[in-house]
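For reference, the structure is listed below as structure tokens.
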Amino acid sequence: MQRSPDLIEQLDRSTDQLQRTRLRNMQLLAAGLLLLAALVFAVARAQRGGHPAWGYVEAFAEAAMVGAIADWFAVVALFRHPLGIPLWHTAIIPNSKMEIGRSLGAFVENHFITEQGIAERIAQADPAGRLGAWLDDPQHARQLGMASAGVAKHLLALADHEKLGRLLRAQASAYLGQLNVSDVAADCIDALVADGKPQELVDFLLDRSAAYLADERHHATIGDFALGAFQIENALVKKALKAYEPRMIASLQKFALAVRLDPGHPLRQRIAGWIADSALHLKADPHWQETVRRYQQQLVASDTVQAMLGELWDTIHARLLADLHADRPVLAEAIAGLARNTGKVLGKDAAARAWLNDAIVAGSGTLVRRYRGEVGAFIENRLALWSKEEMSSRIELAIGRDLQFIRINGTVVGGLAGLLIYAASQAF
């Protein structure tokens, strides 16, 4: 769950307030022990002649006060001048702000931001497995798809469509112009021949021809074609040919049927030979190749093709925009499907997970080598933004409460040491 900057600031203030309260309570406790020791000392001093035990109590309380005051001085000297007096080697932390920043940055660089440490942490985290589980969740995949569609919509809104149209037309023209159409056509012909498609084409043409010849509505047209082909002007010959027209058409029908029914008919073999020869010419005949290339360049440069390529981006853009504004964009569904498939692969294929984890580790090593020096500089620069007072205050809030135990322990240990010394002096 993301947290807003205002919420983060509020949480920081609450944390600071809690730390400040706990620090203040421990400071009061340590000061209270000092006051208690002083009170006990005063009572014991007043009652010293009443009983020998009061001497032991006085020695304990006196040494406890000394220990408490000494440790108070030591703790306070870390953060400020005790009682505001600028004694030598006090206010250590604020006066060493820059050295602390450099040392902390170097410490983090040398002991935390290491290739081995990062690699071990990544291996323990298994990011590939976590990513696979996340992507395999239908809701997550759907969210990723919709988010990607939203990004695509914004990118389309920001794009320079005129420039993209020109770029796509130029790229498509260059590709079509460089395409070896001769080789492509030859390969297609070889594939068609291997699959028996030319004979199927011949069968189709023969069937259509037979149907055309059988339709009496076309007989007049066929006759006129024959007269025109022979360029006959003589009326008598025209009349004789017209009389011969039914027999000619019947002969053509018979021939077409014979070729259609005979898979080994010579005409079929000749057609197959023409097709096979055309493939060989396209592959090896420079004249054929040059002719195809010339027509190809002319076709690509033609106004019709250029206009079509110029409208290519507009068509793509319109379809993308229509899809992205739909309730369930196809692009989002495609990305969601890809995400789920990726998640399933990562979930089931240990080798795929290992490969991705290894790639992440290798990438992290490169990043560590390239940017590790910047981590220390970043920490040093961030600390440099703090004033001496702010830095001292933050550190005191973080560890000051624990440092008060030094004062408490100093009070107790000082008192015990004083008691021991007094007892020794009485014994000897």
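Atoms considered below: every heavy atom in the structure, side chains included; atoms not considered: hydrogens, waters and symmetry mates. Quick caveat, the model's predicted, so the values are computed rather than measured.
- The environment of CG in Asp303 is sparse: at most 12 heavy-atom neighbours from other residues, nucleotides or ligands sit within 6.0 Å.
- Among all heavy-atom pairs drawn from Ala336 and Ala141, the shortest one is CB-O, 3.4 Å.
- Each of Ile406, Asn409, Ile408 was scored for a side chain to side chain contact (heavy atoms under 4.5 Å, CB included) with Asp71, with one residue passing: Ile406.
- Panel note: side chain Asp323, backbone Pro329; no donor-acceptor pair is recorded below 3.5 Å.
- Once rounded to the nearest 0.5 Å, the distance linking CD1 of Ile395 with CE of Met391 reads 4.0 Å.
- Using a 4.5 Å heavy-atom cutoff, the side chains of Leu261 and Leu257 are in contact.
- From Ile335, atom CD1 reaches atom CZ of Arg340 across 15.5 Å, with rounding to the nearest 0.5 Å.
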For Phe60 and Leu416: C-alpha separation, side-chain torsions, deciding distance, then whether side chain to side chain contact (heavy atoms under 4.5 Å, CB included) applies.
CA-CA 6 Å; Phe60 176 87; Leu416 292 175; 4.0 Å; yes
Checking side chain to side chain contact (heavy atoms under 4.5 Å, CB included) for the pair Trp72/Thr411: CA distance, chi angles, key distance, verdict?
CA-CA 10 Å; Trp72 165 82; Thr411 303; over 6 Å; no
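- Side-chain contact between Gln306 and Ser173 is present, with at least one heavy-atom pair separated by less than 4.5 Å.
- For His111 (side chain) and Phe107 (main-chain N/O), no donor-acceptor pair under 3.5 Å exists by modelled atom type.
- By the neighbour-count criterion of 12 heavy atoms within 6.0 Å, atom NE2 of His89 is sparsely surrounded, having that number or fewer from other residues, nucleotides or ligands.
- Of all non-hydrogen atoms in Gly400 and Leu23, the two that sit nearest each other are C-CD1, 3.4 Å.
- In terms of heavy atoms, Gly177 sits closest to Gln297 at O-NE2, 3.0 Å.
- Between Lys283 and Asp183 no salt bridge is recorded (no basic side-chain N to carboxylate O distance below 4.0 Å).
- The main-chain N or O of Val361 is found under 3.5 Å from a side-chain atom of Ser364 such that the two form a donor-acceptor pair.
- The neighbour count for Arg294 CZ, taken as heavy atoms of other residues, nucleotides or ligands under 6.0 Å away, is above 12.
- Judged as a side-chain hydrogen bond (donor to acceptor under 3.5 Å, both in side chains), the pairs with a partner in residues 375-390 (not counting sequence neighbours) are, in order, Glu390-Arg394.
- Using a 4.5 Å cut-off on side-chain heavy atoms (C-beta onward), Leu309 and Leu176 make contact.
- Taking CZ of Arg22 as the reference point, atom CG of Leu397 lies at 11.5 Å (rounded to 0.5 Å).
- Sorted by first and then second residue, the side-chain hydrogen bond (donor to acceptor under 3.5 Å, both in side chains) pairs with a member in residues 130-143 read Trp134-His140, Asp136-Lys344; sequence neighbours excluded.
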If you apply the rule ring-ring contact (aromatic ring centres under 6.0 Å, His included), what do you find for Tyr56 with His51, and how did you get there?
CA-CA 10 Å; Tyr56 290 92; His51 192 280; 9.5 Å; no
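- By the 30° and 60° cut-offs, the orientation of the rings of Trp313 relative to His161 is parallel.
- A 4.5 Å side-chain heavy-atom check between Thr90 and Asn95 finds every atom pair outside the cut-off.
- Interatomic distance, CD of Glu333 versus CE of Met146, reported as 8.5 Å (0.5 Å rounding).
- The two residues Leu299 and Ser302 have their closest heavy-atom pair at O-OG, 2.6 Å.
- In this structure a side-chain-to-backbone donor-acceptor pair under 3.5 Å is present from Arg353 to Leu346.
- The backbone N or O of Thr21 sits less than 3.5 Å from a side-chain atom of Asn25, completing a donor-acceptor pair.
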So Glu120 and Gln116, side chain to side chain donor-acceptor pair (under 3.5 Å) or not? Walk me through it.
CA-CA 6 Å; Glu120 290 176 353; Gln116 182 179 358; 3.1 Å; yes
Quick one, Arg121 with Ile118, criterion side chain to side chain contact (heavy atoms under 4.5 Å, CB included). Give me CA distance, side-chain angles, the key distance, then yes/no.
CA-CA 5 Å; Arg121 187 66 186 92; Ile118 298 296; 5.7 Å; no
Derivation of the side chain to side chain contact (heavy atoms under 4.5 Å, CB included) call for Phe405 and Met26
CA-CA 8 Å; Phe405 283 101; Met26 290 304 298; 3.5 Å; yes
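- No side-chain heavy atom of Pro94 sits less than 4.5 Å from a side-chain heavy atom of Arg80.
- Surrounding CD of Glu162 are at most 12 heavy atoms belonging to other residues, nucleotides or ligands under 6.0 Å away.
- Lys163 contributes atom NZ, which lies 14.0 Å from atom CG of Leu168 (distance to the nearest 0.5 angstrom).
- No more than 12 heavy atoms of other residues, nucleotides or ligands lie within 6.0 Å of CD in Glu216, so this atom counts as exposed by the packing criterion.
- In this structure, the side chains of Leu34 and Met65 come closer than 4.5 Å at one or more pairs of heavy atoms.
- Looking only at side-chain heavy atoms (C-beta outward), Thr114 and Val368 stay at 4.5 Å or farther from each other.
- Counting all heavy atoms, side chain and backbone alike, Phe79 lies closest to Ser392 at O-OG, 3.0 Å.
- Gln296 has its side chain within reach of Leu179: a pair of non-hydrogen atoms, C-beta onward, lies under 4.5 Å apart.
- Side chain of Asn357 to main chain of Asp126: no donor-acceptor pair is present (N/O by atom type, distance under 3.5 Å, no hydrogens or angles).
- Distance check, rounded to the nearest 0.5 Å: CD of Gln27 to CG of Leu29 gives 11.0 Å.
- A distance-only check finds no donor-acceptor pair linking the side chain of Asp262 to the backbone of Ala258 [under 3.5 Å].
- Summarising the geometry of Ala31 relative to Arg407, their closest heavy-atom pair is N-NH2, 3.8 Å, with the distance given to 0.1 Å.
- Atom CZ of Arg217 is surrounded by 12 or fewer heavy atoms from other residues, nucleotides or ligands within 6.0 Å.
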